Every structure is written in C-alpha cells, then in structure tokens.
Amino acid sequence: MSIATTMIIRLEIRKSVASFGDVASALAAAGGDIVAIDVIRAGKELTIRDITVNVQDAANGEILTVLSTLPGIKVINVSDRTFLAHIGGKIEITPKMPIKNREDLSLVYTPGVARVCMAIAEDPGKAYSLTMKRNTVAVVTDGTAVLGLGDIGPEAAMPVMEGKAMLFKQLADIDAFPLCLDTKDPEQIISIVKAVSSGFGGINLEDISSPRCFEIERRLAAELDIPVFHDDQHGTAVVALAGLLNALKVVGKELAECRIVVVGIGAAGVSICRLLLAAGAGKICAVDREGILSREQVYSNAEWQWLAGATNPEGITGGLTEALRGADVFIGVSGPGVLSVEQLRSMASDNIVFAMANPSPEIEPELAEPYVRVLATGRSDYPNQINNVLCFPGIFRGALDCRAKAVNLEMKLAAARAIASVVHHDELNEQYIIPSIFNEKVVEQVRLAVIKAAVSTGMARRIPPDISEEG
Ligand SMILES: NC(=O)c1ccc[n+]([C@@H]2O[C@H](COP(=O)([O-])OP(=O)(O)OC[C@H]3O[C@@H](n4cnc5c(N)ncnc54)[C@H](O)[C@@H]3O)[C@@H](O)[C@H]2O)c1
Ligand SMILES: O=C(O)C[C@H](O)C(=O)O
Ligand SMILES: [Mg+2]
C-alpha cells in the first residue's frame, strides 16, 4: 500500500561545495517531486531552504539517504503535512464570551461566580445547567492499546485522544477532554476516573488493553451515574453490526444463518461477538492467537470463558484456517497481515470481509479484493470505512441530551440500526454498505435512536424537547 506524502525537508547548503541544482537532481532521481522552495536564511557561505517534496511513502527513506550522502548538504529537519498538523496539539479551550472590563470579570469570576457555586453546592444537580458538565466528555486512556500500535504509553497516546476530541466537537458539538493516565493499574484508573467524573457528563474509555478494559468499564459503569462507554469495545461493535446488516442485504444472506469468524478477541472482538449474538447471529467462531475459542477449554479471561460457551455451536477445532473454511463473514480486529489469500479463497461464495485493524488491516485491500464480494476496512482511504467514529459522536450526543444513566444494549442495537438505515436500499451496493462519517444524517439518526431506546428502557433522566414521549 503506497501512499503519496508531502515532506518538508530543511536543508543547509554550503555554497562553496554544493548548489541547489545538485539537490534538485538528487531529489528527482530518488523519485521526489519538488513542489515548493522557501529560503529560510541566505548567508554568504550557507543557505537554509525548506524544500517541499511530493513522494511515495515507500521512497521517504531513500530520499533522505540520498540527500545525506551529498557533499555540502546537511538535512536539519524533516517534517510532513501530518506532523505539521500536530504542532502544538490539535485542540484548545475557547471562552464563550470575552472578559473586557471589571463588570465582565465580576460576572464570570469572583465575586459573581460565588453565588453560582453556592447554588450548585445546595443542589449538585445544577452542575448540569450551570457548568459545562452537560456537554463534556472525558476521553480516558492509559495508552496500553493505542490503535493497533500496542502499549505506547500515555504521552504517545495523546495525538489519538486529541483526534477523538476533534471528532466529538466537529461531528456532535461535544467538548471532549483527553486524559492520558500514567498508570496501568485498573484500581488506580478506576479511582482517578471516579475522582474527576463530577466535571463530566460522560466517560469515553479509549485504547485500554484487554482484558483489563472489561473490569475497568464494568466497575466505572456500576459506580458512576453518568454513561461510561469503552469506545473500542462498543463503538466498534455498533459500527461492525451496522455494516454487517447492510452487507448481508447486498449478498442476500441472513444473520442467523451465516457463519461469522471474528478474529482478535480483545476489547473490540469481545464486544463485537456479544453484540452480534444479541442481534441474532447464530454461528460465530471467535479466534485469537491460541485458536478457536472452544467450550472444551478453561480460560482465565472471564469474557473468553463466557464467549466459548456462547459461540462455535458446530464445535470447530483449530485456528483461523479451519474457522474460515466455508465461512460467510470475516471480521478482523486483531493486527496487520493476519489473513492470507489462501484462507480467503476457502470462504463461502459471496463472502464479506471486514479487515478493521488500524492503521494496517488484516490483509491489504488490493490483495483481498479479487476474492471478496464485500470488503471493508477501518481506514478512510478505501470504500466502506467501518470505524467507531460513526458511532461515538452520535451515541454520546444522544446519551448527553437525555442525561442517560448508562449506555445499555438496546441503545447500542438502536445505534447500529440507525447507522445502517442511513444507506437506503436503492443506494446499497458492494462499495457502499456504510455511510461516510461526513454524512450529516449519521449523528442525528444515531442520537434520535439512542434517545428513544434510552427512554423506552428507563435509562433517560430527561426527555429532550424535540423528542415526543410516545417515541
Ligand atoms: N475500525 C475500528 O473502528 C476499530 C475500532 C477498535 C479497534 N480497532 C482495531 O482493532 C485492533 C484491536 O483493537 P483492540 O482495542 O480490540 O485491541 P486489544 O489489544 O484489546 O485486542 C487485540 C486482540 O487481537 C489478538 N490478536 C493479535 N494478533 C493476532 C493474531 N495474529 N491472531 C489472532 N489474534 C490476534 C490479541 O491477542 C488480542 O486479543 C487494533 O488494530 C485496532 O486498531 C479498529
Ligand atoms: O481510532 C480509530 O480510528 C479507531 C479505533 O478507536 C482504534 O483504536 O483503532
Ligand atoms: Mg481506539
């Protein structure tokens, strides 16, 4: 998979030894296409220039090697558009009104603010109307399962959490704060999240590795009265179900009848299996590194133990190869390169493949395409992007608007059906089973469906004015 990127290379050129012409021909020979040149400093002996070069991803390294071997040339810095977009972070806090004079100051700060504080002290419920709580979500991670990159720590997790916060704001007008915790201890994570929770209307857990994530979420959901939602589990499951409902319509198969293989039984995989079962799937095979989960085995992971009893009704033994033989659906939430062409070819006709590992899917789409009827990945650069970003903005918008106590199964199923319904019957085809994240109907449809499900299951503490009680 080669993607073109734009690199910005800052070079020092010693004029007595080298010229810009040397640089230009070296870049062209290495496959770089110069699109801009900026002179940063022009001295008698040295000039410093920023060269903007379009290059195929694969040639990145080669270009730098070539430049570093040129006499009189020193590479000072290399950047690209992606890195430039991250300088100084991607989000900030903006006041809703300016403080221009003493009167403004005494209104928003002391002494005026004191009366508001006391009103909340007398009735903590007023935090919803007098603070940002009602529209604010904490995006909490410990950096242990960041995308498919693994345990890269809280600092390195921050760009993903900032990205989630951007998506919350742009798609659902929710203010989200990244909280990257420097601890992996579930008890500490639980107590930190509980201690900061009063300022938030909801908690989005993100990229916390399994099986720790299950206990952390279960305990927080039980001990807090605001929605706690582990996005990698439930957001992913909701979107996978939405995509599957539509993909099955395209191929003309039934959820209850088809054989589904889920690979990677971590945070996302466990929740996908659970939601598919709740939606009526009859034949699921759950596969992790040790092979197909089976009821003959005893697992220390409680989720695996439960799944082993609830899946694999045919008692298939072995690994992914055995599970996939004759299967109708492959759902991967594991890692890159897990799926081979040989395994794909052994699947049933009209097969569905969701290779959802990020950033590198279980199989390269170009390799898979000839052997798959409906193909989806988690990435935005291919058709059918099955990504939890289709779910979390709308599900939190709905949960916040009705002040839901939690996000229950009915709300998740409703969200999945709502996402699926955005693609109309007459639009459905192999390349279009799931709406784009830029489709404006997605958040609104998910919000409505989630509020209605919350109201009908007694989860809602408030009915927003645009929703009638009858539904
Ligand atoms: N597209 C999306 O919306 C989306 C959402 C969540 C997660 N993901 C992706 O799914 C992957 C898993 O995420 P997670 O949060 O569940 O992580 P996780 O660490 O909780 O789980 C990953 C699981 O995959 C298993 N696994 C890894 N390699 C395997 C292999 N070769 N064969 C079988 N099993 C294997 C691991 O043992 C583990 O149980 C990541 O790549 C992540 O980016 C995608
Ligand atoms: O962050 C994403 O793009 C999806 C998902 O949350 C993941 O962890 O891969
Ligand atoms: Mg994630």
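Since the model is a prediction, treat every value here as computed from it, not as a measurement. For ligands, and for the atoms within them, numbers begin at 1 and follow the listed sequence.
For the residue pair R397/N135, the side-chain donor-acceptor check at 3.5 Å is satisfied. A donor-acceptor contact closer than 3.5 angstrom is absent between the side chains of T6 and D80. Using modelled atom types, one finds a donor on one side chain and an acceptor on the other under 3.5 Å when comparing Y382 with E366. D185 and T183 share no donor-acceptor pair across their side chains, judged by distance under 3.5 Å alone.
Geometrically, ligand 1 and N358 share a nitrogen or oxygen pair separated by less than 3.5 Å. Among the atoms of M356, some N or O lies under 3.5 angstrom from an N or O of ligand 1. Residue D288 places at least one N or O, backbone or side chain, under 3.5 Å from an N or O of ligand 1. An N or O contact shorter than 3.5 Å is missing between W304 and ligand 1 by distance. Between A268 and ligand 1, a contact under 3.5 Å exists for at least one N or O pair.
If you look at I386 next to ligand 1, the close heavy atoms, those under 4.0 Å, all belong to the backbone. The parts of V333 lying near ligand 1 are both backbone and side chain, judged by heavy-atom distances below 4.0 Å. By the criterion of a heavy-atom distance under 4.0 Å, the side chain of V338, and not its backbone, is placed next to ligand 1. If you look at I265 next to ligand 1, the close heavy atoms, those under 4.0 Å, all belong to the backbone.
Nearest to atom 4 (C) of ligand 2 by heavy atom, out of I386, D232, N388, is N388.
Near E206, the atoms of ligand 2 lying under 4.0 angstrom from a non-hydrogen atom of the residue are 6 (O). Ligand-side atoms of ligand 1 in range of S210: 18 (P), 20 (O), range being under 4.0 angstrom from any heavy atom. Close contacts of ligand 1 with G148, meaning ligand atoms under 4.0 Å from a residue heavy atom, involve 40 (C), 41 (O), 42 (C), 43 (O). The G378 neighbourhood of ligand 1 comprises atoms 1 (N), with distances under 4.0 Å to a heavy atom of that residue. Of all the atoms in ligand 1, the ones that sit under 4.0 Å from a non-hydrogen atom of L147 are 40 (C), 42 (C), 43 (O). Contact atoms of ligand 2 toward N358: 2 (C), 3 (O), 4 (C), 7 (C), 9 (O) (distance under 4.0 Å to a heavy atom of the residue).
We find the CD-NZ distance between E257 and K283 to be 5.5 Å, quoted to the nearest 0.5 Å. Annotation: the span from C258 atom SG to D350 atom CG amounts to 12.0 Å, rounded to 0.5 Å.
Ring orientation note: the planes of F229 and F396 are nearly perpendicular, at an angle over 60° on the 30°/60° scale.
R219 and E215 are joined by a salt bridge, as a carboxylate oxygen and a charged side-chain nitrogen come within less than 4.0 angstrom of each other. Salt bridge absent: K441 and E444 never bring a charged side-chain N and a carboxylate O closer than 4.0 Å.
Checked by atom type and distance alone, the side chain of E162 pairs as donor or acceptor with a backbone atom of K90 at under 3.5 Å.
Taking 2.8 Å as the threshold, D207 counts as a candidate ligand of the Mg ion (ligand 3), since one of its N, O or S atoms lies below it.
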